[in-house]
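Please read the structure below before turning to the comments.
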Amino acid sequence: MRIVSWNVNSLNVRLPQLVRWLEHDEARAPDILALQELKLEEGRFPRAELETLGYQALVSGQKTYNGVALLARTLPTDPVADMPGYEDPQRRMLAAAVDGVRVVNFYVVNGQSVGSEKFDYKMAWLEAARGFLAAQLAQYPKLVVLGDFNIAPDDRDVHDPVAWHERILCSTSEREALRRLLALGLHDTFRMFEEGAGHFSWWDYRQAAFRRNLGLRIDLVLVSDALRAHCAGAGIDRVPRAWERPSDHAPVWLEMAL
DNA sequence: ATGGTGGTGCGACCA
């Protein structure tokens, strides 16, 4: 089973790249695909085009901002788009079951800058996410949590840790919030297969950051203890980031032997 | 140097 997370930064703009990416290497096409930053309402989701490629989609959409989807060969079941007890008009979460695996797709709040109002929202959102994931784990031991976490787990995940020291996406409080999620019994699958620095999933559009590999690794695929031994490979697909008019994020993937 | 790029949508706001 191959599972992928990709922040597409507007599905309206990126649909041609998504289609091209799904077709360019069919042997590596995902069984499950989690998308973030659709920036469209559910009614504008391109269901027909994706059905042609063999995918059924669950969508939690929103005009202009946010928006997430879960795609699989058969429609994911038992969907949840709201974290119980946490009111959030922003569409940032979608959980459902596919082939006996529970999948939670997150588009974590960016947070703008440490100490801002948006930062407070980010920290509150992450605390709600911790409670939600604890409940999901209790109900579904085989859990995958993936998406744009807007947190670089440690300095290996940052091209210039000095310049980014205690800045948004890299601050100690954000990293501790991520640690509290991992402490539930979740594992950063990329680090099961690669311990080195310099592997990124997001590069700013400015200053030719991708060409110079000035990036951060903020898109993650986490698995629960019950799935850990089944992980066979994980990585970041930089290919579509080099295409014309790309998303600023690369797809990140996990291969599981189930 | 508080810049730089891109998406949404037409003026800011978000990342």
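Keep in mind it's a predicted model, so treat the numbers as computed, not measured. Quick note: numbers below take in every heavy atom, side chains included, and nothing from hydrogens, waters or symmetry partners. Chain letters run A, B, ... following the sequence lines, proteins first, then strands; residues in each count from 1.
Every ring pair (Phe, Tyr, Trp, His ring centres under 6.0 Å) that A:F190 has, sequence neighbours left out, goes to A:H199.
Between the P atom of B:dG4 and the CZ atom of A:F210 lies a distance of 23 Å, rounded to the nearest Å. The distance from atom CD of A:E244 to atom P of B:dG7 is 12 Å, rounded to the nearest whole Å. Remark: C1' of B:dG7 and CD of A:Q36 are 16 Å apart, rounded to the nearest angstrom. Atom CD of A:Q207 is separated from atom P of B:dG4 by 10 Å (rounded to the nearest Å). For the pair A:R211 CZ and B:dT5 P, the interatomic distance rounds to 13 Å; values are reported in whole Å. Rounded to whole angstrom, the span from the CZ atom of A:R212 across to the P atom of B:dT5 amounts to 12 Å.
A close approach under 4.0 Å does not occur between any side-chain nitrogen or oxygen of A:S10 and OP1 or OP2 of B:dG6.
Ionic pairing of A:E127 and A:R130 is present here: one or more N-O contacts between side-chain nitrogen and carboxylate oxygen are shorter than 4.0 angstrom. In summary, A:D248 and A:R206 do not engage in a salt bridge, as defined by a charged side-chain N under 4.0 Å from a carboxylate O.
Atom name P, nucleotides B:dG3 and B:dC13: the rounded distance is 15 Å, in whole Å.
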Taking only nitrogen or oxygen atoms into account, show me every contact under 3.5 Å that the protein makes with nucleotides 11-15 of chain B, one pair per line with its distance.
{"unit_1": "B:dC14", "atom_1": "OP2", "unit_2": "A:K118", "atom_2": "NZ", "d": "3.0"}

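When A:D157, A:D154, A:D155 are each tested for a salt bridge (charged side-chain N to carboxylate O under 4.0 Å, His left out) with A:R175, only one passes: A:D155.
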Decide yes or no on side-chain hydrogen bond (donor to acceptor under 3.5 Å, both in side chains) for A:H159 and A:W203, but give the supporting numbers first.
-> CA-CA 10 Å; A:H159 69 90; A:W203 302 261; over 6 Å; no

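Contact check for A:L40 versus A:Q62: no side-chain heavy atoms found under the 4.5 Å cut-off.
For A:N12, the listed nucleotide lying nearest its side chain is B:dT8; candidates were B:dG9, B:dG4, B:dT8.
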Pairing annotation in dot-bracket form, given for DNA chain B with Watson-Crick or G-U pairs under 3.5 Å and | for cross-strand partners | ....((((...))))

